[in-house]
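These notes concern the structure reproduced below.
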Amino acid sequence: MGAIQLIRGTRDILPEEAYYWQQVEAVARQILNRAVYQEIRPPIFEQTALFERGIGEATDVVSKEMYTFRDLGDRSITLRPEGTAGVVRAFIEHNLHTQGVKRLWYGGSMFRYERPQAGRQRQFHQIGVELIGSADPRADVEVIAIATDILQTLGLKSLRLDLNSVGNPEERQRYREALVSYLTPYAQELDQDSQERLHRNPIRILDSKDKRTQEITQNAPTILDHLGSESQAHFEKVQQRLTDLGIDYQINPYLVRGLDYYTHTAFEIQSDDLGAQATVCGGGRYDGLVAQLGGPDTPAVGWAIGMERLILLLQKLQAAPTPSPDFYVVSRGDRAEAQALLLAQKLRQSEMKVELDLSGSAFTKQFKRADRSGAVACLVLGDAEAENHTVQLKWMASQQQRTIPQAELLSMTEELRDQIDLLVGPS
RNA sequence: GCGAGCGUAGCCAAGGGGUUAAGGCAGUGGAUUGUGGUUCCACCAUUCGCGGGUUCGAUUCCCGCCGUUCGCCCCA
């Protein structure tokens, strides 16, 4: 068939699902507002070099997952694979560091060329925060607390917060060497992937799912043993403050994040209900990134929530309500139809929810649809009503019906509102 | 990028080398041309993801492609 279909790894968010998106956006907005985070909207595409420099050329994201192309001016353009790099670029470009500590949030589409899977798409959406300009451990805790607040307010339970410190670059380098020398004698026993990672990215071996590899790494040195006293103090403070706030976490020394810019605190919030793509929220501190991208040396911490994954969880928790109008307007005959349209418009302007039947079919059919729409009441206009400028108001549940002048109906919207709220509750 | 499973209507599906491709839900029309939720009737896939092959004949068997699901990898 000739119909054009959507591109692999993309999805249409249909009205039923859009309900959940709006719910998440509303909750997130509210909680971010209270913490006085401001929205920032960088472009969806940037110079390729931004991501290469920011995320790291050797990372999977940059080396094989970017949507990169040349535009007509022969510039290398990349659709953003994550949000932090663009936000930091904007932070530097507009000298936002002159404004002290900046608390920013963003939302929108990200693009990665990956094999689609449940909870993993090529175009996906994130909401993220960046707290730029503070090295205080309380900053780490603040952003984590915002994330857990959002998730909790949405009703999500049984999520795990995994916490680790990846130290500073020097500590990580020392650790890397220690790990390689520990693993090298076992090289032949490691699984295929891990053998390849031994020199390219040994830290990743720690979260291998291979059984034998896991046995070997059981006794491997951990990053936590290689932290200097400052890093250690920072990490301990973060833990202490999390505990103060009553936020449960578990230390996971194997937690490694895939983007190069992370320093010190790294964390993930995971769910058991998502299969292989368990991470709903991931983030951490990135003290080197602002300088790395040409700005003043500025510490920062942030996270991103995966909207699709979050919504998968939400959908398991609660069904989306179907929207139903206050009034369903039934009409037949030219004059009546014209008056019905006008009446509907006026009622909407008085903040009533009104659905107008456009079919022109028999009243029986229109009432059938009115019933299915879940309307609280029907407004009926036929030839007789059109003639007298009246309308029949029929309450669906009680089947009580009376004839009212249209002008009167419009002047009693307050009472109608009260009555509807009484019947079905405020919407 | 690799491995495995799946692909019959808007949704859930039965079927199986030979022409009528079950059924249910939803939808549309009617019984009921001015009044709903029940009921009854009718309609609703010239076609079984797409392309090619085998065959007298394929939706059914084979191959390729596409999509999707699960896992690996990676991450949100």
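Below, chains carry the letters A, B, ... as their sequence lines are ordered, and counting in each starts from 1.
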Under-4.0 Å side-chain N/O to phosphate OP1/OP2 contact, [X] with [N]:
X	N	result
A/R369	B/A26	no
A/Q117	B/U69	no
A/R122	B/G67	no
A/R115	B/C73	no
A/K368	B/U28	no

[atom1] of [X] versus [atom2] of [N]: gap in Å, rounded?
X	N	atom1	atom2	value
A/L381	B/U35	CG	P	16 Å
A/E337	B/G34	CD	P	13 Å
A/D371	B/A26	CG	P	13 Å
A/F363	B/A31	CZ	P	16 Å

Backbone N/O of A/T217 and side chain of A/Y254: donor-acceptor pair under 3.5 Å: yes

Looking for any heavy atom pair under 4.0 Å, which part of the strands does A/R120 touch: base, sugar-phosphate only, or nothing?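 Answer is base: heavy atoms of A/R120 come under 4.0 Å of a base.
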
Got more than 12 heavy atoms from elsewhere within 6.0 Å of CG, A/L6? yes

Would you mind checking if A/E130 and A/K102 are paired as a salt bridge, meaning a charged N to carboxylate O distance below 4.0 Å? no

N-O pairing of A/R11 and A/E308 below 4.0 Å: no

Close residues, residues 23-36 of chain A, relative to RNA chain B [heavy-atom separation under 4.0 Å]: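 Output list: empty, so none.
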
